[in-house]
Amino acid sequence: MTKLQDIATIQTGVFAKNSPKPNALYLQQSDFDGNGELRKTAKPTIVADNPKHLLAAGDLLLASKGNNNICIVVPSIEQKCVASPSFLVIRLHDKSAILPEFVAWYLNLSTTQKVLAAQARGTSIMSISKATLGELEIPIPPIERQKKYIELSKLQKREQELYKAIAEKRRQLLEYKMIKNI
């Protein structure tokens with residue numbers, strides 16, 4: 001097990017105000033759907049030129065405030081992006097040794113989420129600190145095993161989507177039959 005701070009740089013998102021001539025997306029939790037996918041409705045709202053704050057593909061965003069502390073891998077997008085203060089930004093030092101998708105998978109595990117929730121602080125809105133996240137220990141299996149975990153996770157998500165679709169089709173079929181027999 002290795003502390004996250006030993007394999008990554010962790011920084012907080014930045015506060016920025018909307019601009020009349022924006023050049024960057026200002027990512028907030030509401031810009032992502034329940035699966036951690038960036039919504040197509042996200043539009044540039046700020047001016048961002050400081051390279052220190054610009055996100056790169058493969059960076060990780062951990063929602064550090066509230067009860068849903070999902071971790072998201074920043075996708076490859078053409079638009080400049082900056083994380084809001086509701087996120088902690090995790091930038092891995094060596095993506096050839098540990099994959100961002102594996103770290104996101106590990107941070108999203110229910111057991112890891114419980115550990116983070118137990119260490120969150122706050123009165124009305126719980127918050128995970130950089131220090132707390134940095135101290136979190138994470139296993140680093142060989143790359144091939146990391147890839148297998150990532151693939152299994154994708155298959156599990158797809159399975160859940162299919163179960164939901166099947167349940168919806170069953171509901172529609174039952175409604176149709178009931179209405180037809182009225």
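The residues of the chain are indexed from 1 along the displayed sequence. Just so it is clear, the values below take in all heavy atoms, side chains as well, and ignore hydrogens, waters and symmetry mates.
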Residue pair R121 / I128, side-chain heavy-atom distance below 4.5 Å: no
Listed by chain and number, what are the side-chain contact (heavy atoms from CB on, under 4.5 Å) partners of N68, not counting sequence neighbours? I70
Acceptor/donor pairs from residues 107-120 side chains to any protein atom, 3.5 angstrom cut, sequence neighbours excluded:
from : atom 1 : to   : atom 2 : distance (Å)
N108 : OD1    : C71  : N      : 2.7
N108 : ND2    : C71  : O      : 2.9
N108 : ND2    : A104 : O      : 3.1
T112 : OG1    : Y106 : O      : 2.8
Q113 : NE2    : N69  : O      : 2.9
Q113 : NE2    : L107 : O      : 2.7

Look at the side-chain heavy atoms of Ile, Leu, Val, Met, Phe, Trp and Tyr, link any pair under 4.5 Å apart, and say whether L27 and V89 land in one connected group. yes
Only distances under 3.5 Å count here; give the side-chain donor-acceptor pairs of residues 149-166 to other protein atoms, sequence neighbours excluded, each with its distance to 0.1 Å.
from : atom 1 : to   : atom 2 : distance (Å)
R158 : NH1    : E161 : OE1    : 3.4

Tell me, yes or no, whether the heavy-atom count around R171 atom CZ, taken from other residues, nucleotides or ligands under 6.0 Å, exceeds 12. yes
With a 4.5 Å heavy-atom cut-off, do I98 and L92 have their side chains touching? yes
Within the supplied structure, the quantity of interest is the number of heavy atoms (other residues, nucleotides, ligands) at a distance under 6.0 Å from I125 CD1; does it exceed 12? no
With L61 as reference, evaluate L55, I90, V73 under the side chain to side chain contact (heavy atoms under 4.5 Å, CB included) test and give the passing residue. L55
Contacts of type salt bridge (Lys or Arg N to Asp or Glu O under 4.0 Å), residue R91, not counting sequence neighbours: D59
If a pair satisfies ring-ring contact (aromatic ring centres under 6.0 Å, His included) and one of its residues is in residues 36-76, list it, with sequence neighbours excluded. none
Minimal non-hydrogen separation, A97 against Q146, with atom names: O-NE2, 3.1 Å
Closest approach of D31 to A42 (non-hydrogen atoms, all atoms of both residues): OD1-CB, 4.1 Å
Has T45 got a side-chain atom pairing as donor or acceptor with N18's backbone, closer than 3.5 angstrom? no
Name every donor-acceptor pair, under 3.5 Å, that has one atom in a side chain of residues 1-16 and the other anywhere in the protein, sequence neighbours excluded.
from : atom 1 : to   : atom 2 : distance (Å)
K3   : NZ     : E135 : OE1    : 2.7
Q5   : NE2    : E135 : OE2    : 3.1
T9   : OG1    : H93  : NE2    : 3.2
Q11  : NE2    : K52  : O      : 3.3

More than 12 heavy atoms of other residues, nucleotides or ligands under 6.0 Å from CG of N67: yes or no? no
Nearest-0.5 Å distance, CD1 of residue I46 to CG of residue L25: 8.5 Å
Heavy-atom pair of closest approach, residues S76 and A57: OG-CB, 3.4 Å
So, the side chain of E101 versus the backbone of K147: is there a donor-acceptor pair under 3.5 Å, distance only? no
